[in-house]
Amino acid sequence: MGTLVAFHAHPDDECIGTGGTLARAAAEGHRVVLVLGTNGDFGEVPDDLAEGETLVDRRRAEVLQSAEVLGVHRVAWLGYKDSGMTGWEQNADPESFHQADVEEAAERLAAILREEDADVVTTYDWHGNYGHPDHIKIHVVGNRAAELAGTPRVFEMTVNRDAFMRQIEAARAADNDSPLGGDDFDPSGPADDGNPMGMPEAEITLSVDVSAYAEVKRASMRCHASQITDTSFFLQMPEEMFVTAFGTEWFIEHGAEPGMRDGWLFE
Ligand SMILES: [Zn+2]
């Protein structure tokens with residue numbers, strides 16, 4: 001059995017991009033560790049915070065619940081401040097993850113990778129899937145930490161832009177009021193950083209089937225009630241549609257041969 005360390009920017013990122021992978025790894029007996037770069041200080045503020053409870057308190061509690069649902073064995077924090085979305089004044093905060101010294105942040109993660117004797121680490125693609133400053137930092141810091149710790153296998157989590165486009169086109173053609181069929185979202189259009197969402201299929205090297213864990217993945221999303229409300233399209237989708245949209249997770253493995261294969265992070 002191996003050890004997987006998943007490096008994510010904010011509480012709730014773990015379930016959307018890698019929830020199926022984490023649940024599958026844990027179910028197969030691997031050790032699974034979730035490391036969060038930030039506390040998610042600038043997420044949606046729910047209107048039911050208790051007296052003295054902060055958004056960070058809430059989000060930490062939510063991610064611990066999500067981790068339990070997924071079977072994650074340990075949740076660790078690098079402790080940086082959320083940098084906010086692209087262009088926000090919080091980008092300039094010296095305590096933000098965006099402003100953090102790469103070597104210093106990478107050493108914090110590398111210490112965990114060494115302590116856990118990690119076989120596999122997951123980071124994000126070069127533009128953090130959609131250009132969020134903290135997500136880009138996961139790419140830079142995660143990849144550097146793997147180098148420092150000598151972690152054998154590094155997988156950059158991404159979104160398969162071509163598969164996403166095909167699903168949207170199919171939903172529009174079927175005209176069955178799938179939330180994917182709405183015309184307000186175009187993954188090939190520019191996201192925050194001006195790049196389209198995710199990566200083209202030609203640059204992805206691993207497609208992981210997590211359809212058997214789709215309901216666990218959705219249950220982990222429900223734990224983040226302050227951020228992913230019941231009305232969001234993630235949670236409203238009929239089961240079959242959810243499996244189609246979220247039953248596969250995609251990665252770019254460092255050093256892999258070009259071309260996308262169906263497979264698993266531990267083979
Ligand atoms: Zn995030």
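The shown structure was predicted, so the numbers you read here are calculated from the model rather than taken from an experiment.
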(request) Consider only side-chain N and O atoms of N39 and R59, and report whether a donor and an acceptor are under 3.5 Å apart. (result) no
(message) Please report the interatomic distance CD(E156) to CD(E203), rounded to the nearest 0.5 Å.
(response) 10.5 Å
(message) Tell me if the CD atom of E89 is crowded by more than 12 foreign heavy atoms within 6.0 Å.
(response) no
(request) Assess the pair H132 and H10: is the distance between their ring centroids shorter than 6.0 Å? (result) yes
(request) Only one of I252, V120, T122, V121 passes side chain to side chain contact (heavy atoms under 4.5 Å, CB included) with V154; say which it is. (result) V121
(message) Quick check on side chain to side chain contact (heavy atoms under 4.5 Å, CB included): which of L55, L49, V56 does E53 satisfy it with?
(response) L49
(message) Treating T229 as the side-chain partner and A225 as the backbone partner, does any N or O pair qualify as donor plus acceptor under 3.5 Å?
(response) no
(request) Go through V75 and L36 one step at a time and tell me if the side chain to side chain contact (heavy atoms under 4.5 Å, CB included) criterion holds. (result) CA-CA 8 Å; V75 180; L36 290 152; 4.1 Å; yes
(request) Might you work through the side chain to side chain contact (heavy atoms under 4.5 Å, CB included) test for L206 and R261, ending with a clear yes or no? (result) CA-CA 5 Å; L206 183 66; R261 69 180 174 96; 3.7 Å; yes
(message) If you count heavy atoms of other groups shown closer than 6.0 angstrom to CD of E267, is the number above 12?
(response) yes
(message) Does the plane of the ring in H30 sit parallel, tilted or perpendicular to the ring in F266? Use 30° and 60° as the thresholds.
(response) parallel
(request) With rounding to the nearest 0.5 Å, note down the distance linking OH in Y213 to OG in S220. (result) 14.0 Å
(request) Measure across M199 and D125 and return the closest heavy-atom pair with its distance rounded to 0.1 Å. (result) CG-OD2, 3.6 Å
(message) If the threshold is 4.0 Å, N to carboxylate O, is there a salt bridge linking R161 and E201?
(response) no
(request) List the steps, then state whether side chain to side chain contact (heavy atoms under 4.5 Å, CB included) holds for R218 with L235. (result) CA-CA 7 Å; R218 183 139 68 164; L235 300 183; 3.7 Å; yes
(message) Rounded at 0.5 Å granularity, tell me how far SG in C223 sits from CD in E68.
(response) 8.5 Å
(message) So for atom CD, which belongs to E44, do other residues, nucleotides or ligands contribute more than 12 heavy atoms lying within a distance under 6.0 Å?
(response) no
(request) Side-chain contact test, heavy atoms from C-beta onward, threshold under 4.5 Å: evaluate it for H254 versus N143 and give yes or no. (result) yes
(message) Do V208 and V5 land in one hydrophobic cluster if side-chain heavy atoms of ILVMFWY residues count as linked below 4.5 Å?
(response) yes
(request) Name the orientation class of the two ring planes belonging to F155 and F251 (parallel below 30°, tilted from 30 to 60°, perpendicular beyond 60°). (result) perpendicular
(request) Look only at the side chain of H127 and the backbone of I136, and say whether a donor-acceptor pair between them is shorter than 3.5 Å. (result) no
(request) Give a yes or no answer on whether the side chain of D93 reaches the backbone of G84 with a donor-acceptor pair at less than 3.5 Å. (result) no
(request) Taking only Lys NZ, Arg NE, NH1 and NH2, and the carboxylate oxygens of Asp or Glu, determine whether K217 and E14 approach each other closer than 4.0 Å. (result) no
(message) Could you tell me if the side chain of E62 sits less than 4.5 Å from the side chain of P11, heavy atoms only?
(response) no
(request) Give a yes-or-no answer on whether the side chains of Q99 and N91 include a donor-acceptor pair shorter than 3.5 Å. (result) no
(message) Can you give me the closest heavy-atom contact between H224 and S66, atom names plus distance?
(response) NE2-CB, 3.4 Å
(message) Do F242 and Q236 have side chains that approach each other closer than 4.5 Å (heavy atoms only, starting at C-beta)?
(response) no
(message) Could you measure the distance from the OG atom of S211 to the CD atom of E249? Nearest 0.5 Å is fine.
(response) 10.5 Å
(request) Taking S207 for its side chain and M260 for its backbone only, find out whether a donor-acceptor pair lies under 3.5 Å. (result) no
(request) Go through the side-chain N and O atoms of T3 and E116 and say whether any donor and acceptor fall under 3.5 Å apart. (result) no
(message) Please determine whether salt bridge (charged side-chain N to carboxylate O under 4.0 Å, His left out) holds for the pair E169 and R166, giving the CA-CA distance in whole Å, both sets of side-chain angles, and the decisive distance to 0.1 Å.
(response) CA-CA 5 Å; E169 280 155 20; R166 288 193 295 268; over 6 Å; no
(message) With clusters defined by side-chain heavy atoms of hydrophobic residues (ILVMFWY) lying less than 4.5 Å apart, directly or transitively, does M157 cluster with W264?
(response) yes
(request) Measure from the side-chain N and O atoms of T151 to the backbone N and O of R153, and report whether any donor-acceptor pair falls under 3.5 Å. (result) no
(request) Could you tell me which non-hydrogen atom of L148 sits nearest to which non-hydrogen atom of A106, and how far apart they are? (result) CD1-CB, 3.8 Å
(request) Examine distances only and state if a side-chain atom of D134 and a backbone atom of S83 form a donor-acceptor pair shorter than 3.5 Å. (result) yes
(request) Tell me, please, whether W77 has R108 positioned over its six-membered ring: NZ or CZ under 6.0 Å from the ring centre and within 45 degrees of its axis? (result) no
(request) Drop me the distance from L34's CG to L22's CG, to the nearest 0.5 angstrom. (result) 7.0 Å
(request) Of all the heavy-atom pairs spanning D82 and G43, show the shortest one and how long it is. (result) OD2-N, 4.2 Å
(request) Find the distance between OH (Y130) and OG1 (T86) and round it off to the nearest 0.5 Å. (result) 8.5 Å
(request) Could you please spell out the steps behind the side chain to side chain contact (heavy atoms under 4.5 Å, CB included) verdict for V72 and V33? (result) CA-CA 6 Å; V72 168; V33 177; 5.9 Å; no
(message) Can you confirm if the aromatic rings of Y124 and H139 lie within a centre distance of less than 6.0 Å?
(response) no
(request) May I ask you to test the T123-V140 pair for a side-chain heavy-atom distance under 4.5 Å? (result) no
(message) I'd like to check the ring pair (Phe, Tyr, Trp, His ring centres under 6.0 Å) partners of H98; sequence neighbours left out, ordered by chain and number.
(response) none
(message) Just so I know, are the side chains of D209 and D262 near enough to count as touching, which here means a heavy-atom distance under 4.5 Å?
(response) no
(message) Looking at every non-hydrogen atom in both residues, tell me the closest pair between R58 and A50 and how far apart they are.
(response) NH2-N, 4.5 Å
(request) Could you walk me through whether E107 and R114 pass the salt bridge (charged side-chain N to carboxylate O under 4.0 Å, His left out) test, one step at a time? (result) CA-CA 10 Å; E107 188 45 54; R114 289 185 202 105; 2.8 Å; yes
(request) May I ask you to check whether H8 and T18 show a side-chain donor-acceptor distance below 3.5 Å? (result) yes
(message) Give me the atom names and distance for the closest heavy-atom approach of L70 to G19.
(response) CD2-O, 3.4 Å
